[in-house]
Amino acid sequence: MLKAFFVDQHTLAAVSVALCLLAAGITYFFGRSRLPYPRSSALLLASLVGVPCLALSGSSRTALRTCTFNWQPTGAFLSDQGLLNAVLFLAVGFFGLLASRRPVAVTAGASALSATVEVAQAMVPPLAQTCEASDFVASTAGALLGMLAAWATVHISQSAPVSFRHHPRSVVWVISAAFALNATTVALWVTPAVNDSSIQYVTPDMRKAARTHVRQAFGDHYKIGKISYDPTAHIVYVGLKGGMAHLSWPKQREFNVSLVSYQKGIQPADVGSFPVGGEVKPPAKETDARGIARRYVAERYPFALKGSKVESYAIADGRLGWAFSWRKVVNGILMPMRLDIAIDLKGQVSDLLVRDLADPDELPKPKLTEAQAKSNLRKSPGLPSEVTQIGDGLAIARSDTGKEWQVVWLFPTGVGNKEGPTLAVDAVTGKPLEEGQASAAP
């Protein structure tokens, strides 16, 4: 993330460094005769200025007013953002104790600052990023580690001792007010979201792959925000302005992007949808949107047009735009390649799903017809008792490894008037597959 800050956002980085140096210089100049530890105070203020400056990097400019709580105990330190927060606040804790010699005030102040940053990221558009409670934990832990290191430095140098008493009232009031304001804001305007997954540290390979896929889909239109990895779902999450991208990992078979689409009532600044190059007029009908979608696919993903057919449907009866799906069928079997795209009312890409998989070199020849497969499914003791209807089947090619392929009949089901699970039957053996295996089919 530091590389993204100093390289991709070099202007913001230069301004941030200048502000930190300016804050340190002014503090030292005016405080060298007034403060007991002017150098430490100058470095503390530079660290404090650096916190909001770095918080600006990767901002989506769209305040989501949500905050995620991850109850995994190690979640705070397994993401690159969490580690960065810990390092950033380590400096705050270290220089804070050296400058004040008040560990209680430093701990409370660092916690209040971290909480303020997270709430601001949830509420303030210029600072908007994903608000996560784990970042608050990482920041506070970093401040504690920095404070312990400073405490050891004070002890070894035998300088003025650390004191747990006599905290200035102004400091106590400011910290208390910050906690009260943050608590009130969260209670009234921030929606909590619980995430039980264990987010892990993002490796350089994950970051490189995420940037490559985003660049292929959108060029340099979006600045990439926070990147995280969920090992349970095997997904790399990539934050974008007004949206989120998902990349399957490690095979990178599927890339899925959801952006805020243009529609009435949404401010243009909050729209995250991607403008297709060239002069594009807002589509008035499906054929207009189809032309825009095809132009985008031909430029970014030409493989999807070879030997495939496109189907379309209106989203919310056309009030939100149109969706288009490119699929390839060989000998009645749906191939794994897939490209879905949604065009909003402004003629821009609002959703994208790409599965770039080559056709299998060889597939087993199906031995069961659709009717035979459906009959086997009806007779299966594993058929859920609540299923009342079985729809028309679809033969697809699927593989868990990408090497060994099989042909599967997929059947949608109904439970009364509602949709039921999708069930699958092996087209060669005639054996019904478990529900989880059916959902894994591409």
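Everything quoted here is computed from the prediction, not taken from an experiment.
Closest of all the heavy-atom pairs between S47 and F95 is OG-CD1, 3.7 Å. Between L345 and G318, the shortest heavy-atom distance links the atoms CD2-O, 3.4 Å. Nearest heavy-atom pair, G347 versus I292, reported as atom, atom and distance to 0.1 Å: O-CG2, 3.5 Å. Closest of all the heavy-atom pairs between A210 and V238 is CB-CG2, 3.6 Å. Annotation for S139 and N85: closest pair OG-CB, 3.2 Å, computed over non-hydrogen atoms. Of all heavy-atom pairs spanning P336 and P360, the tightest one is CD-CD, 4.0 Å.
A salt bridge is defined here as a Lys NZ or Arg NE, NH1 or NH2 lying under 4.0 Å from an Asp or Glu carboxylate O, and R215 with D220 meets this definition. Salt-bridge check for R290 with E286: passed, with a basic side-chain N closer than 4.0 Å to an acidic carboxylate O.
Between L247 and I235, every side-chain heavy-atom pair lies at or beyond the 4.5 Å cut-off. Looking at heavy atoms from C-beta onward, Y237 lies in side-chain contact with D230 at the 4.5 angstrom threshold. Between F218 and R300, the closest side-chain pair of non-hydrogen atoms is not below 4.5 Å. Under the 4.5 Å side-chain criterion, counting only non-hydrogen atoms from C-beta, V408 is not in contact with V425. Inter-residue side-chain proximity for F136 and S111 is flagged as met; some heavy-atom pair is nearer than 4.5 Å. In this structure, D356 and M337 have side chains that are not in contact, with every pair of non-hydrogen atoms separated by 4.5 Å or more. Taking the side chain as every heavy atom from C-beta outward, Y229 and P231 approach each other to under 4.5 Å. Residues L21 and V17 have side chains in contact (heavy-atom distance under 4.5 Å, counting atoms from C-beta outward).
In this structure, the separation between CH2 on W405 and CD1 on I333 is 11.5 Å, given to the nearest 0.5 Å. In this structure, NZ on K328 lies 11.0 Å from CG on L357, to the nearest 0.5 angstrom. The distance from atom OG of S325 to atom CG of L339, rounded to the nearest 0.5 Å, is 8.5 Å. L363 CG to S399 OG: the interatomic distance, rounded to the nearest 0.5 Å, is 10.0 Å. Atom CG of residue L410 and atom CG of residue L394 lie 6.0 Å apart, to the nearest 0.5 angstrom. To the nearest 0.5 Å, atoms CZ (F274) and OG (S350) are separated by 12.5 Å.
Under the rule for a side chain to side chain donor-acceptor pair (under 3.5 Å), the partners of H213 that lie at least two apart in sequence or sit in another chain are Q252. A217 meets the side-chain contact (heavy atoms from CB on, under 4.5 Å) test with F255, Y296, Y301, L352; sequence neighbours excluded. Scanning for side-chain contact (heavy atoms from CB on, under 4.5 Å) contacts around A293 gives F324, W326, I341, I343, with sequence neighbours left out. Residues satisfying the side-chain contact (heavy atoms from CB on, under 4.5 Å) test with V329, not counting sequence neighbours, are L334. Residues satisfying the side chain to side chain donor-acceptor pair (under 3.5 Å) test with K374, not counting sequence neighbours, are none. Scanning for side-chain contact (heavy atoms from CB on, under 4.5 Å) contacts around P275 gives H221, Q348, with sequence neighbours left out. Contacts of E254 classified as salt bridge (Lys or Arg N to Asp or Glu O under 4.0 Å), with partners at least two apart in sequence or in another chain: R355. Shown here are the salt bridge (Lys or Arg N to Asp or Glu O under 4.0 Å) partners of D340, two or more places apart in sequence or in another chain: R327, R338. When the salt bridge (Lys or Arg N to Asp or Glu O under 4.0 Å) test is applied to D317, the partners found at least two apart in sequence or on another chain are R319. The salt bridge (Lys or Arg N to Asp or Glu O under 4.0 Å) test applied to D392 returns no partner, not counting sequence neighbours.
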What do the steps show when you test L97 against W151 for side chain to side chain contact (heavy atoms under 4.5 Å, CB included), and what is the final call?
-> CA-CA 7 Å; L97 187 66; W151 200 337; 3.8 Å; yes
Determine, step by step, whether V297 and R294 satisfy the side chain to side chain contact (heavy atoms under 4.5 Å, CB included) criterion, reporting the C-alpha distance in whole Å, the side-chain angles of both residues, the deciding distance to 0.1 Å, and the verdict.
-> CA-CA 5 Å; V297 174; R294 184 177 180 83; 5.7 Å; no
Step by step, work out the side chain to side chain contact (heavy atoms under 4.5 Å, CB included) result for V349 and S273.
-> CA-CA 5 Å; V349 178; S273 55; 5.9 Å; no
Report the C-alpha distance between T422 and T413 in whole Å, list the side-chain angles of each, state the deciding distance to 0.1 Å, and finish with yes or no for side chain to side chain contact (heavy atoms under 4.5 Å, CB included).
-> CA-CA 6 Å; T422 298; T413 65; over 6 Å; no
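Using a distance-only test at 3.5 Å, with no hydrogens or angles considered, no donor-acceptor pair links the side chain of S375 to the main chain of A371. Of the possible polar contacts, none joining the Q121 side chain to the C131 backbone as a donor-acceptor pair under 3.5 Å is found. A distance-only check finds no donor-acceptor pair linking the side chain of W322 to the backbone of T287 [under 3.5 Å]. With hydrogens and angles ignored, the 3.5 Å screen pairs no side-chain donor or acceptor of S258 with any backbone N or O of M244.
Looking only at atom types and distance, the side chain of R398 has a donor-acceptor partner in the side chain of Q406 under 3.5 Å away.
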Can you give each donor-acceptor pair under 3.5 Å made by side-chain atoms of residues 377-390, sequence neighbours left out, with the distance rounded to 0.1 Å?
from : atom 1 : to   : atom 2 : distance (Å)
S380 : OG     : G382 : N      : 3.1
T388 : OG1    : G414 : O      : 3.1
T388 : OG1    : G416 : N      : 3.0
Q389 : NE2    : G416 : O      : 2.9

Kindly list each side-chain donor-acceptor pair under 3.5 angstrom involving residues 177-193, sequence neighbours excluded, with atom names and distances?
from : atom 1 : to   : atom 2 : distance (Å)
N182 : ND2    : T116 : OG1    : 3.0
N182 : ND2    : A178 : O      : 3.0
T184 : OG1    : A180 : O      : 2.8
T185 : OG1    : L181 : O      : 2.8

